[in-house]
S.K.: 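I have a structure here, written as structure tokens, and I will follow up with some questions on it.
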Amino acid sequence: MKRSYVGVILLAAILMMNIVFTQLVVHQYYYENYGVTLLYAGLNVLLFPVALFIYKKEKNKGGSKGYEERNLS
Amino acid sequence: MSDRNNKIPYDEDNYTHNINRNNERMLDRRGFMKTLAGAAGVFAVSTLPWGAVAAKELMGLGDKEYPHQKIADVKDVKVGDSVKFHFPSEHDSAILIRLSENKYVAYQNACTHLRCPVYWVKDEQEMICPCHHGKFDASTGAPTAGPPRRPLPGIEVEVKDEAIYAVRVKRYEA
Ligand code: FES
């Protein structure tokens, strides 16, 4: 069984960035830097399509078959 | 694959042969990635409201002026005492402290950690948040101990005709 962890690692990194940006958004909002708030909120939203893209690209990588395929025969 | 569904089932009385429970609950790599991507979506959606209020705030920028509001009469506030009031709206609780004869400070007293009401402890000359023991410096509003990281937003006060008025909320100069 061949493993491909790239997607998992990338997605985990994206989630990490999501958490960081969310925190920054909240803090900058209370610091009344509304422009920066908008910037980080925008980045946070942008991360989602990126995550979807990585998922689409990586879901069929690696030697292990998906659940359905494994149980066909 | 293609002719999987058009076979006529053979006659038999065993109704469990097609139940396959192995690995039923297995979280494979793909499922895990699906979860991660979904979580990214949740984060994206949850920041939207923050962006929206920030944008709204950007539109109506400038030093917001609120009608001056009387907090108390000078004679009712002894040195070292504090008064609770609400400013600028009735949902923003605030606190006024008379530090010395002529020195008044006022802050919005929602703790900058999780918004518990901060109160003034005369004996310790400090503002203390009861929730997680955050402390704030009374003369500047800066956090001195505990979880809060941001200073309390200050309120400008004015003494006129033996009464104390709240004038405006100071902006952070960050
Ligand atoms: S809410 Fe004030 S310290 Fe946590």
Side-chain angles (χ1 to χ4, degrees), chain A residues 1 3-62 64-72, chain B residues 1-2 4 18-64 108 110-115 148-154 169-174:
Chain A
M1 193 153 58
R3 285 285 183 196
S4 167
Y5 285 119
V6 188
V8 176
I9 292 171
L10 280 181
L11 282 172
I14 288 209
L15 209 58
M16 181 75 198
M17 274 151 71
N18 260 320
I19 295 172
V20 171
F21 286 154
T22 307
Q23 175 102 61
L24 282 170
V25 163
V26 174
H27 276 129
Q28 292 307 312
Y29 175 77
Y30 280 116
Y31 269 120
E32 305 187 349
N33 298 328
Y34 298 116
V36 191
T37 311
L38 273 184
L39 176 73
Y40 284 128
L43 282 175
N44 224 355
V45 173
L46 277 186
L47 280 180
F48 177 53
V50 176
L52 268 191
F53 175 72
I54 295 178
Y55 170 70
K56 290 246 167 68
K57 210 160 127 290
E58 291 285 324
K59 69 177 171 187
N60 288 322
K61 292 265 181 73
S64 81
K65 286 184 192 143
Y67 170 71
E68 303 88 352
E69 296 160 57
R70 237 193 338 249
N71 286 281
L72 269 188
Chain B
M1 190 68 179
S2 52
R4 193 152 55 104
N18 60 347
I19 296 180
N20 182 352
R21 302 228 277 192
N22 289 343
N23 297 332
E24 195 178 42
R25 295 249 171 155
M26 196 176 72
L27 180 64
D28 54 4
R29 194 183 57 100
R30 188 191 296 186
F32 183 60
M33 291 203 305
K34 209 182 263 176
T35 314
L36 289 180
V42 171
F43 269 102
V45 172
S46 66
T47 37
L48 284 181
W50 291 96
V53 246
K56 213 169 86 191
E57 209 78 44
L58 265 188
M59 306 292 214
L61 197 72
D63 246 348
K64 282 161 283 180
Q108 290 189 326
C111 179
T112 51
H113 176 221
L114 293 176
R115 322 216 84 209
R149 318 246 75 209
R150 274 175 293 113
L152 292 173
V169 180
K170 287 181 202 150
R171 297 185 74 82
Y172 286 120
E173 55 269 330

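Residue numbers begin at 1 in each chain, while the letters A, B, ... track the order of the sequences.
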S.K.: Whether the side chain of B:R150 engages the backbone of B:T112 through a donor-acceptor N/O pair (distance < 3.5 Å, no angle test) should be reported.
M.R.: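 Yes.
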S.K.: Looking at chain B, which one of A:I54, A:V26, A:L39, A:L46 has the largest number of heavy-atom pairs inside 4.5 Å, strictly under?
M.R.: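 The answer is A:V26.
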S.K.: Using a 4.5 Å cut-off on heavy atoms from C-beta on, say whether the side chain of A:Y40 contacts that of A:N44.
M.R.: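 The answer is no, as the side chains (C-beta and beyond) never meet within the 4.5 Å cut-off.
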S.K.: Pick from A:A41, A:P49, A:A12: which one has the most heavy-atom pairs with chain B under 4.5 Å?
M.R.: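 So the answer, after comparing A:A41, A:P49, A:A12, is A:A41.
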S.K.: May I ask you to name which of B:A39, B:S46, B:A44 has the most heavy-atom pairs under 4.5 Å with chain A?
M.R.: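 Of the candidates given, the most pairs with chain A belong to B:A44.
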S.K.: Going by heavy atoms in the side chains, are B:F32 and A:L11 under 4.5 Å from each other?
M.R.: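 Heavy-atom side-chain distance check fails, nothing below 4.5 Å.
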S.K.: So which of A:T37, A:V25, A:L38, A:L43 has the largest heavy-atom pair count under 4.5 angstrom toward chain B?
M.R.: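 Of the options given, most contacts go to A:L38.
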S.K.: Going through the distances and angles, do B:Q108 and B:L152 end up as a side chain to side chain contact (heavy atoms under 4.5 Å, CB included)?
M.R.: CA-CA 6 Å; B:Q108 290 189 326; B:L152 292 173; over 6 Å; no
S.K.: Is A:N18 close to A:I14 at the side-chain level, that is, under 4.5 Å between some pair of heavy atoms?
M.R.: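 Yes, their side chains come closer than 4.5 Å.
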S.K.: Below 4.5 Å, heavy-atom pairs only: which of B:A37, B:G31, B:G38 has the largest tally toward chain A?
M.R.: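 Among B:A37, B:G31, B:G38, the one with the most close pairs to chain A is B:A37.
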